[in-house]
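First comes the structure, then the notes that go with it.
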Amino acid sequence: MKTVLLVKYGEISLRKGNRAFFEHRLLDAIRHNLKGLGGIRVMREQGRFLVESVEGDLDVGAVLPRIRHIFGIAGFCHAVKTGERDIKGLCAVGVEFFVKQLNTLNGVKHGTFRVETKRSDKNYPMTSTAISAAIGEAVLDAGVELAVDLYKPDITLWVEIRNDVYFYVNSESGEGGLPYGASGKGVLLLSGGFDSPVAGYLTARRGVEIVAVYFHSPPFVSERAQDKVMDLTRQLAKYTGGATLCVVPFTDIQVFLKENVSEVKLTIFLKRAMLHIASRLAEKEKALCLVTGDSIGQVASQTIHSLAAMETAAAFPVLRPLAAMDKQSIIDIAKKIGTYDISVRPYEDCCTVFVAKHPENKPNKAAIEKIETRFADELAAMVDTALNAAEFHKV
Ligand code: ATP
Ligand code: MG
C-alpha cells in the first residue's frame, strides 16, 4: 500500500471526439508544474491520472500546491494504491487504510459509514456491490464502532478497481473548467482594473490560451501602472502555467484622438483603437477571439449602445465574460483568484486621461464609424507604429 494522488477530470470526458487531445493537454500541464520535483511519475489510469512517487509514498503536501489550480482538473483523491487483486487481500488493505483514516479524523469514530466501489476494470470477477459488501463486512469484523448507513453516512470508504486498486476517504475539488489551450487562443485586453483579470481567468478556465495586451500611455500614466499589469499577468499565470504580456505604447494615439474627436466621444474612439490593435495582434498570434472586462452599464462606455459602436473595430469575436455580472460578483472572484489585492493598488487608467466627466452613453454606431473614416489612414499608420514598438514579456 502506498500513498498516491488520483486526479479526476470530469468535464473533458464528456467530449468524446477530442478526448485524447484534452487528456494530453492536461497531462502535459500536470507534468510541467511538477518539473523540479524529482522521482515523481504521472500516468493515465483508466479515466483518471495517477500521480505517484517512483519509490514509496508520495509527498502530497509538496505536490498538491503545484497542481491544485490547473484548469480542467475536477478533483483530487488522497488515495492509497495496492497491487492486491484478490478480495481477501483487498479487504485486509481496505481495513488497514480505513482504520488509519479514522484515527486521524475526529468525531466520526462513533457515527456511520459505507463502502462505495467503482469498477473501471470490468474484468474483475465481482460486481461493485459485492466488493463493497465484502469490504464493509471486513471493516465491521475489525471491530470499528461505526454502523452502516448506505444513504447518508458520516464517512465513505471509496474503492476504485482499475489497473491497480485504490482506496480513499478524502477528496477535494479542483478548479474545474477545461485544460488550458484546449479551446484555442485569445487576446485579452488587460488593464490594471478589477474586471479584465477576472475576464481573463474565466476565459482561460474554459480552455482559451491567453495572450494579454496592455495599452500604456506614459507620461499620463506612471510606470507603476505597467508593473501592476505585469503582476496581474503573473497571478493569472499561476492558473495557466505561464503567460505572455504585450505592452503597446499608446500615448501618441491617445493624443491624436484627443485632437481629432470631441471630448464626449473620446472613450469610444480610444476603445476602438485598442480593438484595432488587439485584432492585429490576434492575427499575428493566430488567436481566435478578443476578450475584455466590459460589464453592461458599469460606465458610460459600457452601455450596449457603446459596446455596439466599439464592436465594429474588432476583426475577431469579442468575448465579454463579465457582460451580465454585477460588480460585487466580479470582486468576489477577484478576491478568490488573488487579483483583487493587485488591482486595488492606486493607478491611473489611460481611459480616464482627457476624457469628459459625462461621456456620451448612447453613441450612434454609424456616426462613430463615419467620423473614424476621416482619419482612418493616419490611425492605421499609428497602429502599425505602435505594434512595431510593442514589447513582449513572458512570465
Ligand atoms: P477594468 O476593471 O478591467 O479596468 P473598467 O471597469 O475600468 O475595466 P474600462 O476602463 O471601460 O472599464 O475598460 C473596459 C475594458 O477595456 C477593460 O476591462 C479592458 O478589457 C479594456 N481596457 C481598458 N483600458 C485598457 C488598457 N489600458 N489596456 C488594455 N485593455 C484596456
Ligand atoms: Mg479600467
Side-chain angles (χ1 to χ4, degrees), residues 186-204 210-218 220-230 232-233 235-236 244-251 253-254 257 265-282 289-307 309-311 313-314 316 318-323 325-331 333-335 337 339-340 342-356 359-361 363 386-387 390-391 393:
V187 168
L188 168 70
L189 286 80
L190 182 64
S191 67
F194 292 107
D195 301 325
S196 40
V198 173
Y201 165 84
L202 292 174
T203 310
I210 296 293
V211 176
V213 58
Y214 167 59
F215 299 97
H216 190 40
S217 301
F220 307 124
V221 300
S222 73
E223 289 308 315
R224 275 177 306 143
Q226 182 178 326
D227 294 344
K228 192 175 163 185
V229 178
M230 214 41 222
L232 286 169
T233 309
Q235 185 61 24
L236 286 178
T244 303
L245 174 66
C246 171
V247 178
V248 176
F250 200 60
T251 316
I253 291 178
Q254 193 157 354
L257 288 174
K265 290 188 168 57
L266 181 56
T267 318
I268 296 293
F269 284 101
L270 287 171
K271 288 288 165 59
R272 284 183 63 91
M274 290 182 189
L275 291 172
H276 283 305
I277 297 174
S279 299
R280 292 279 304 280
L281 186 64
C289 63
L290 309 181
V291 183
T292 73
D294 295 310
S295 170
I296 298 167
Q298 209 185 76
V299 288
S301 60
Q302 294 175 19
T303 62
I304 297 187
H305 286 83
S306 298
L307 296 178
M310 280 174 213
E311 182 98 359
F316 290 84
V318 182
L319 305 188
R320 297 185 173 90
L322 312 185
M325 288 173 68
D326 47 50
K327 195 76 190 181
Q328 191 54 50
S329 318
I330 298 169
I331 295 285
I333 299 176
K335 285 184 175 161
I337 65 172
T339 55
Y340 180 88
I342 306 169
S343 296
V344 80
R345 288 186 216 154
Y347 88 117
E348 316 83 344
D349 178 352
C350 74
C351 289
T352 58
V353 181
F354 311 143
V355 165
E360 215 174 276
N361 61 12
L387 272 167
E391 280 173 19
H393 304 268

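Any value given below was found using the heavy atoms of this structure, including those in side chains, with hydrogens, waters and symmetry copies removed. Order of listing sets the numbers, starting from 1, for every ligand and every atom in it.
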Requested in this report: Take Met230 and Tyr214 through the test side-chain contact (heavy atoms from CB on, under 4.5 Å) and record every step on the way to the result.
Outcome: CA-CA 9 Å; Met230 214 41 222; Tyr214 167 59; over 6 Å; no

Requested in this report: Run the numbers on Leu275 and Met310 for side-chain contact (heavy atoms from CB on, under 4.5 Å), then give the verdict.
Outcome: CA-CA 8 Å; Leu275 291 172; Met310 280 174 213; 3.9 Å; yes

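Evaluated for a side-chain contact (heavy atoms from CB on, under 4.5 Å) with Leu245, the options Val229, Val213, Ile210 yield exactly one hit, Val229. Residue Asp294 forms a side-chain contact (heavy atoms from CB on, under 4.5 Å) with just one option from Leu307, Asp195, Leu189, and that option is Leu307.
Each of the following atoms of ligand 1 lies closer than 4.0 Å to a heavy atom of Gly193: 1 (P), 2 (O), 4 (O). Taking a cut-off of under 4.0 Å to the non-hydrogen atoms of Ser301, the atoms of ligand 1 that pass are 11 (O). When each atom of ligand 1 is checked for a heavy atom of Gly293 under 4.0 Å away, the hits are 17 (C), 18 (O), 20 (O). The atoms of ligand 1 that sit less than 4.0 Å from any heavy atom of Thr292 are 20 (O).
Looking at Ser343, its side chain does come within 3.5 Å of a backbone N or O of Gly193 through a donor-acceptor pair.
Checked by distance only, ligand 1 and Phe194 come closer than 3.5 Å through their nitrogen or oxygen atoms. Considering backbone and side-chain atoms alike, Gln298 places an N or O below 3.5 Å from some N or O of ligand 1. Polar contact with ligand 1: absent for Lys327 (N/O pair, distance under 3.5 Å).
Atom-to-atom distance recorded for Ile304:CD1 and Ile296:CD1 is 4.5 Å, nearest 0.5 angstrom. Between atom CG of residue Asn361 and atom NE2 of residue His305 there is a gap of 8.5 Å, rounded to the nearest 0.5 Å.
Of all non-hydrogen atoms in Ile268 and Ser306, the two that sit nearest each other are CD1-CB, 3.6 Å.
With a 4.0 Å cut-off on non-hydrogen atoms, Ser196 touches ligand 1 through its backbone as well as its side chain. Contacts with ligand 1 closer than 4.0 Å are made by backbone heavy atoms (N, CA, C, O) of Leu190 only, the side chain lying farther away. Residue Val213 touches ligand 1 through its backbone alone, judged by heavy-atom distances below 4.0 Å.
Selection from Leu189, Val247, Val187 by nearest heavy atom to atom 19 (C) of ligand 1 gives Leu189. Considering Gln254, Lys271, Met274 only, the shortest heavy-atom separation from atom 16 (O) of ligand 1 involves Lys271.
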